[in-house]
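As the structure is a computational prediction, the values presented were derived from the model and not from experiment.
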Amino acid sequence: MELDIDTATGNRSRTEDTPASPADVSRASLRRPWWRRWGTGWLFPAHRRAAAAEPPASSASSLLRRRHRGRRFSPLTRRVLLLNMLPIALLAAGVVFLGDYEDTLIEAELAALTVHGEIVATGLGEGAVRGGETTINRLDRDHANQLMARLTAPIGIRGRLFAETGEMLGDTRTLRDRAGRITSQPLPPPNVAPAQRGALTRISDWIDARLRVARSDGEYIELPDPVARDYPWVEQALRGINTRTARRTPDGRLMLSVAVPVQRYKQVLGALMLTHDDAAIAARIRQVRLDVFRIAAVALAATVLLSLFLASTIARPIQRLARAADQIRFAREGTPRMPNFGARNDEIGDLADSLRAMTDALWQRIDAIDTFAADVAHELKNPLTSLRSAVEVAARIDDKEKRAKLMEIVLDDVKRLDRLISDIADSSRLDAELLRSDPQIVDVGRLLSSMADAYNATAAAEVGVRVQLNVLGSGTFLALGHEGRYGQVFRNIVDNGISFSPEGGSISIGLMRERDQVVVTIDDQGPGIPDANLESIFRRFYSERPNAEQFGKHSGLGLSICRQIVDAYGGSIAAGNLRSPDGQVQGARFTLRLPMAS
């Protein structure tokens with residue numbers, strides 16, 4: 001409800017909110033951006049989105065929309081997929097950053113280059129030097145270049161030799177070009193485009209190019225006629241220090257370089273620089289990434305399938321239970337039932353069993369209410385009819401004696417109505433009272449003993465009927481329930497027995513244990529109960545009274561209330577007859593089985 005204020009007149013009026021129709025709600029949901037529709041569905045439960053959602057419609061329309069709405073993937077399925085796919089996605093993303101593994105490969109490559117450079121430098125110092133121990137030693141340029149080219153050719157690395165003055169004496173790349181060797185290389189067929197690299201390969205190379213910026217020691221520039229000062233690590237080697245470095249080329253490759261001093265009798269005669277690109281390392285990194293990506297793809301596919309299967313075993317049964325609950329909610333005819341998942345030995349099976357039991361209990365309660373309302377209307381109609389007839393006749397009769405008799409009938413009917421309404425109110429209130437209160441421990445032996453003493457001292461003694469208690473077994477007899485309600489049950493049955501027993505008879509109450517139950521039997525010496533009515537006597541408003549008793553003195557709800565109380569505590573009550581050896585009925589017996597308190 002909103003408060004509208006007219007700015008012109010100042011009048012205020014209240015307007016009722018109009019609930020949005022299902023079509024308006026669906027159109028409003030489609031107008032939301034896709035990231036809101038999907039993001040909230042993936043991450044946030046519905047009850048947390050209630051404040052930001054569209055204005056809620058009525059509960060009936062929302063249930064109908066949910067029942068008829070089709071979903072490709074339920075929110076629960078999407079959440080299961082997201083949570084199961086996230087670790088694999090993080091694993092696949094983490095493989096991109098193979099920093100430690102690549103650093104290990106680079107260190108191993110630089111160490112191998114250093115060892116090979118020391119071998120070549122040692123060979124140059126021993127076999128390509130002019131001079132002796134007493135003369136000035138100098139590198140023989142031609143001899144050193146030939147020896148360097150032969151020692152570096154087998155492993156395919158580039159070697160450059162610098163003199164102690166800093167000038168470059170030789171480069172294996174130009175030396176091999178001037179060697180005049182004839183090499184053969186197969187050419188691709190004409191009009192055939194060169195093989196294209198795969199998408200994963202291009203992605204891996206692009207990632208490596210970006211990561212090399214942080215991994216390199218600086219930029220590597222190829223000069224046409226370099227000298228030692230153009231390479232700081234070569235200057236270090238000319239001072240007698242082995243130096244290695246990894247630098248990034250303009251095209252994104254990583255160039256690995258080592259500089260080793262060439263010595264003769266501990267005299268530095270020059271510096272040898274060996275360089276090699278990271279093509280082999282990049283290939284190994286790329287292969288590792290591809291292998292992990294393949295494994296992640298297979299694991300992801302298996303995870304998706306297993307997640308869908310897991311979600312289907314959870315979401316679909318819940319959806320079926322929700323639709324069945326909607327059908328029960330909107331049922332107008334018949335009694336729809338919840339689906340049976342009894343074969344599932346899990347929580348969903350337990351939920352389905354509980355919902356089925358709850359639904360059955362609700363239908364039984366509804367049927368009982370309908371039957372009770374019809375019975376109440378019928379039972380109230382009889383005294384009202386009699387009362388109306390007596391009043392109508394009394395208004396037309398002038399005889400005082402006859403009018404007095406009619407007034408007695410009116411009073412009896414009024415008392416009968418009062419008694420009937422009181423019993424009906426007690427029976428209606430009983431269900432709610434039993435459901436709201438928790439069972440307590442009741443000492444049945446003490447309760448029956450006190451009740452027997454009270455009957456023998458008052459009511460039963462007036463009609464000459466004795467009540468006696470027979471206890472089988474020792475100890476206490478503890479049952480779950482309420483002392484007041486159990487006392488009401490025992491008094492109703494004992495009162496019935498007294499009304500049917502002859503003068504000078506007795507009511508025998510037996511008390512014993514049987515497994516996990518406290519068993520109470522109440523026997524009288526009356527005419528018994530017809531075998532056809534052993535169960536019907538517990539129905540509401542059923543009355544089978546002695547012929548000498550005034551009609552309408554009992555409402556017929558006593559035994560029905562007894563069964564209602566005992567059933568609410570998990571016990572049972574049954575009626576039977578006591579028979580002699582020759583089959584003659586000697587009285588009625590009521591057997592009560594009450595749950596024993598542990």
Note to self: Can you give me the closest heavy-atom contact between Gln586 and Ser580, atom names plus distance?
What the structure shows: NE2-CB, 3.0 Å

Margin query: Can you give me the closest heavy-atom contact between Gly473 and Val471, atom names plus distance?
Written below: O-CG1, 3.7 Å

Note to self: Do Leu306 and Asn84 have side chains that approach each other closer than 4.5 Å (heavy atoms only, starting at C-beta)?
What the structure shows: no

Checklist line | Asn470 and Leu511, any side-chain heavy atoms less than 4.5 Å apart | finding: no

Check: Are any non-hydrogen side-chain atoms of Val444 and Leu478 less than 4.5 angstrom apart?
Finding: no

Item checked: Check: Ser389 side chain, Thr385 main-chain N or O, donor-acceptor pair, under 3.5 Å -> yes

Notebook entry, point to check: Mind checking whether His482 and Gln488 have side chains closer than 4.5 Å, heavy atoms only?
Noted result: no

Notebook entry, point to check: Is there side-chain contact between Val304 and Ser307, with heavy atoms separated by less than 4.5 Å?
Noted result: no

Check: Can you list the residues that meet the salt bridge (charged side-chain N to carboxylate O under 4.0 Å, His left out) rule with Asp291, with sequence neighbours excluded?
Finding: Arg294

Checklist line | Pair Met358-Leu355, side chain to side chain contact (heavy atoms under 4.5 Å, CB included): steps then yes or no | finding: CA-CA 5 Å; Met358 181 189 68; Leu355 289 177; 3.7 Å; yes

Note to self: Counting C-beta onward and ignoring hydrogens, is there a side-chain heavy-atom pair between Leu448 and Phe477 closer than 4.5 Å?
What the structure shows: no

Checklist line | Spacing of Glu408 atom CD and Leu411 atom CG [to the nearest 0.5 Å] | finding: 7.5 Å

Checklist line | Side chain proximity check, Arg485 to Val489, heavy atoms < 4.5 angstrom | finding: no

Next item on the list: Would you give the length of the straight line joining atom CG of Leu447 to atom CZ of Phe490, rounded to the nearest 0.5 angstrom?
Entry: 6.0 Å

Item checked: Partners meeting salt bridge (charged side-chain N to carboxylate O under 4.0 Å, His left out) with Arg320 (sequence neighbours left out) -> none

Item checked: Smallest separation among heavy atoms of Gly576 and Ile529, with atom names -> O-CD1, 4.4 Å

Notebook entry, point to check: So which heavy atom on Asp567 is nearest to which on Ser572, and how close?
Noted result: OD1-CA, 4.3 Å

Next item on the list: Could you list the residues that satisfy salt bridge (charged side-chain N to carboxylate O under 4.0 Å, His left out) with Asp453, not counting sequence neighbours?
Entry: none

Check: Could you give the distance from CD1 (Ile565) to CG (Leu594), rounded to the nearest 0.5 Å?
Finding: 11.5 Å

Next item on the list: Using a 4.5 Å cut-off on heavy atoms from C-beta on, say whether the side chain of Val465 contacts that of Tyr455.
Entry: no

Check: How many angstroms lie between OG1 in Thr303 and CE in Met85, if you round to the nearest 0.5 Å?
Finding: 8.5 Å

Margin query: For the CD1 atom of Ile507 and the CG atom of Asp524, what is their distance to the nearest 0.5 Å?
Written below: 5.0 Å

Next item on the list: Measure up the Phe590 and Phe538 rings against each other and bin them: parallel (under 30°), tilted (30 to 60°), perpendicular (over 60°).
Entry: perpendicular

Check: Is the backbone N or O of Leu310 less than 3.5 Å from a side-chain atom of Thr313, with the two atoms forming a donor-acceptor pair by type?
Finding: yes

Checklist line | Residue pairs fulfilling salt bridge (charged side-chain N to carboxylate O under 4.0 Å, His left out) with at least one residue in residues 511-522, sequence neighbours excluded | finding: Glu514-Arg593

Notebook entry, point to check: Which value, rounded to the nearest 0.5 Å, describes the distance between Gln584 atom CD and Asn577 atom CG?
Noted result: 12.0 Å

Margin query: Test of understanding: with salt bridge (charged side-chain N to carboxylate O under 4.0 Å, His left out), list the residues that count as partners of Arg579, not counting sequence neighbours.
Written below: Asp531

Notebook entry, point to check: Does Asn456 use its side chain to pair, donor to acceptor, with the backbone of Val467 at less than 3.5 Å?
Noted result: yes

Next item on the list: Looking only at non-hydrogen atoms, find the nearest pair between Tyr569 and Pro595 and report the distance.
Entry: O-CG, 3.0 Å

Notebook entry, point to check: Which residues pass the side-chain hydrogen bond (donor to acceptor under 3.5 Å, both in side chains) test with Ser474, sequence neighbours left out?
Noted result: none

Margin query: Minimum heavy-atom separation for Ile573 and Val566, please, with both atom names.
Written below: N-CG1, 4.2 Å

